[in-house]
Number of protein chains: 2
Amino acid sequence: MKKKITMKEIARELDVSISTVSKALNNSPEISQDTIDKVQAFAKFYNYKPNNIALSLKNKKTKNIAVIIPEIVHHFFTLIISGIEQKANELGYNVIVCLSNESFAKEVINLETMASGSIDGFLLSLSKETMAKKDFHHLREVINQGMPLVMFDRVSDEIYCDKVIIDDARASYNTVKHLIYSGCQRIALLTTPDYVSVGKLRTLGYKNALKDEGIEIDENLIVRVETVEELDGKVKSLFDTEKFDAVFGVNELYAVVAMREAHSRGLIIPQEMSFVGFSDGILSKYAYPSLTTVVQHGFEMGQKAAKMLIDRLESDHTDDSYKMEVIKTSILQRESTKPV
Amino acid sequence: MKKKITMKEIARELDVSISTVSKALNNSPEISQDTIDKVQAFAKFYNYKPNNIALSLKNKKTKNIAVIIPEIVHHFFTLIISGIEQKANELGYNVIVCLSNESFAKEVINLETMASGSIDGFLLSLSKETMAKKDFHHLREVINQGMPLVMFDRVSDEIYCDKVIIDDARASYNTVKHLIYSGCQRIALLTTPDYVSVGKLRTLGYKNALKDEGIEIDENLIVRVETVEELDGKVKSLFDTEKFDAVFGVNELYAVVAMREAHSRGLIIPQEMSFVGFSDGILSKYAYPSLTTVVQHGFEMGQKAAKMLIDRLESDHTDDSYKMEVIKTSILQRESTKPV
DNA sequence: AAGTGCAGCGAAATCGATTTAGTGTTCACA
DNA sequence: TGTGAACACTAAATCGATTTCGCTGCACTT
């Protein structure tokens, strides 16, 4: 086992001081070319790599950033992580992933453990429980300690920090208009409870679009689903009790499940019923028929969020004007809706 | 901004030495109860948290482990990560995620940057390029440095280390037998090139099952797909040129795409054609009809891998007998196959 | 009164790097 | 011959913790 070599050992072997080794490796002008060559050759031969921990301690920066997400088994979040990872690596940072599993307590623990030295800044998307509780003391605490925080997707107005979001209300508005223009009149909405900020905004966009098109809002067509378990049941009862010609799901799963239900009731898609989902993922792409979706550009969102965080880390002082980036969405027309 | 407080500052404020503070915080018996109370009260009031970096430097352990995977936008890998994260957190470790993006170069870079102090051990699943090149010097190097490595899913015989795998050959064998027992005779196989270890093993299992059941192997029914781009074309030409009554895909995507093709050709599933995929994910679950799959228990695999790594990290010495855990698979019968 | 033991605390080394403030030698120039 | 700059290098502080060893003062024994 060829152990790691340190500067101390190089210094001892070559009979110079540690400072000389350090400077030689950094090509300092105060070291003679002879010594530089000698030290660098020796270092290369023994595969010397500086110890990151020691550097972190000295420089007070770790070149690590933490991303805390509610869940990873979720295509949108994996896209975001890919984007974060790509951008962070490009800029010389590593990404530590923490999962809150939608739990407030775990979110707090993650923040606390990470905040004590392991990382330089946070990227965070709120857990459902945190949004429901509206308790953000843990976020304020890390911000107060001077640690930058960038929130993405699931954010809160109550926290002052950089943010990257989707314009959910507008995206939803556009989507519903798209459905209307394609000939749909009674559009059912499968959404989340209102404490999920994105669900709330998408619901808002839905209502506004109907209003603007002079279509009355029928609350019976709005179904709020809290957990995956109750999804099937709520969808079935919607089909049982209401008449409608389109379904808009605030995520792809909701839309796909509704589409399956329509399938099994023998409805022809999209002639008799249209379907649109939010957040384009593999489910939408490979559903049968393939699902028209709102593309959220998660990869880009991850990149932007990472860039904002690192910009702040590397800017000299804290300017206290926080930025808010809005990622544009687009509608990807596939087989589950009629052409406009 | 309430800055972080250090032991030094506590010591200065309370007019004791740093060593006393350290010992008081650790409830050392050589400090009087009075002093302990005083120090701990002060520390709590100023929300003192030890600096992890300093601890890492001193203890020569970081309590971080790195997991390097080829891709994250992949349900199986996200399940594994969830499992790793859960188990690692439970045992007091953080997880640093690195993506190789199926690239050899990036895998090497990830290993090198992580190995210089940031982490205590690796969890790794090989990139396609690495498997194709069969160049494992980077793995040998970190192992030689005394850093534990656990490989999972995509592993190599040439590296001596702990491993967690699926018994791919057997799983595939069982699946094909299942298809045969359900009445299928000509089973097409959608697989990867042989350099992908899991693809190779699954192909082997397929062949053995046919052999054991006295069915001749028809190489024309075995389609090797390298990239997603060529998937559609190869599937179409399979349908154009061959006759068969079942498709076995070595991942869920292959199976679902084939099923879509069958759909559009008006075939009735599963009466006229059956479909099975490997690695149960959302695609399988929400496909129409839902896809019968081989469940790989990725979460469990992640947990096992994390546990193996941490066990080795915390065992006193290196015993050089490496373990290999095999995760059992199971067949999840859904709508795309006939009951046996 | 001198020696012993212990409670309670502090000084300093250590982990592996960087960096500032010197130190010692050589050589040029007045 | 003496002075000072230039050069090449070193000692030591520093980052924030832990830990070993040593020191002080008091109580108690003999």
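Residue numbering restarts at 1 for every chain, and letters A, B, ... go by the order of the sequence lines. Just so it is clear, the model here is predicted, and its values are computed rather than measured.
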Colleague: Over all strands shown, is A:Thr35 touching base, sugar-phosphate only, or nothing at heavy-atom distances under 4.0 angstrom?
Modeller: sugar-phosphate

Colleague: Once side-chain hydrogen bond (donor to acceptor under 3.5 Å, both in side chains) is applied, do any residues pair with B:Glu158, and if so which ones, sequence neighbours excluded?
Modeller: none

Colleague: Return the set of residues passing salt bridge (charged side-chain N to carboxylate O under 4.0 Å, His left out) with A:Lys163 (not counting sequence neighbours), or none when no residue passes.
Modeller: none

Colleague: Please identify each residue that fulfils side-chain hydrogen bond (donor to acceptor under 3.5 Å, both in side chains) with A:Asn27, with sequence neighbours left out.
Modeller: A:Gln40

Colleague: Using only heavy-atom distances, determine whether the side chains of A:Ser103 and A:Ser100 contain a donor-acceptor pair under 3.5 Å.
Modeller: no

Colleague: What bend angle does the helix from C:dA1-D:dT30 to C:dA30-D:dT1 show across its length, from five-pair end axes and to the nearest 10 degrees?
Modeller: 90°

Colleague: Rounded off to whole Å, could you give me the CG-to-C1' distance for the A:Asn27 and C:dT18 pair?
Modeller: 15 Å

Colleague: Calculate the interatomic distance between A:Gln33 atom CD and D:dA8 atom C1'; express it in whole Å.
Modeller: 13 Å

Colleague: Sequence neighbours left out, what pairs pass ring-ring contact (aromatic ring centres under 6.0 Å, His included) with at least one residue falling in residues 52-72 of chain A?
Modeller: none

Colleague: Show me the pairs that pass ring-ring contact (aromatic ring centres under 6.0 Å, His included) and involve residues 112-154 of chain A, at least two apart or across chains.
Modeller: A:Phe104-A:His138

Colleague: Can you tell me how far C1' of D:dT10 sits from CG of A:Asp15, to the nearest Å?
Modeller: 12 Å

Colleague: For a quick check, with a 4.0 angstrom heavy-atom cut-off, what is the B/S/- contact string for nucleotides 15-24 of chain D, read 5' to 3'?
Modeller: BBBBBBB---

Colleague: Applying ring-ring contact (aromatic ring centres under 6.0 Å, His included), name anything that partners B:Phe42, two or more places apart in sequence or on another chain.
Modeller: B:Tyr46

Colleague: Applying side-chain hydrogen bond (donor to acceptor under 3.5 Å, both in side chains), name anything that partners B:Tyr160, two or more places apart in sequence or on another chain.
Modeller: none

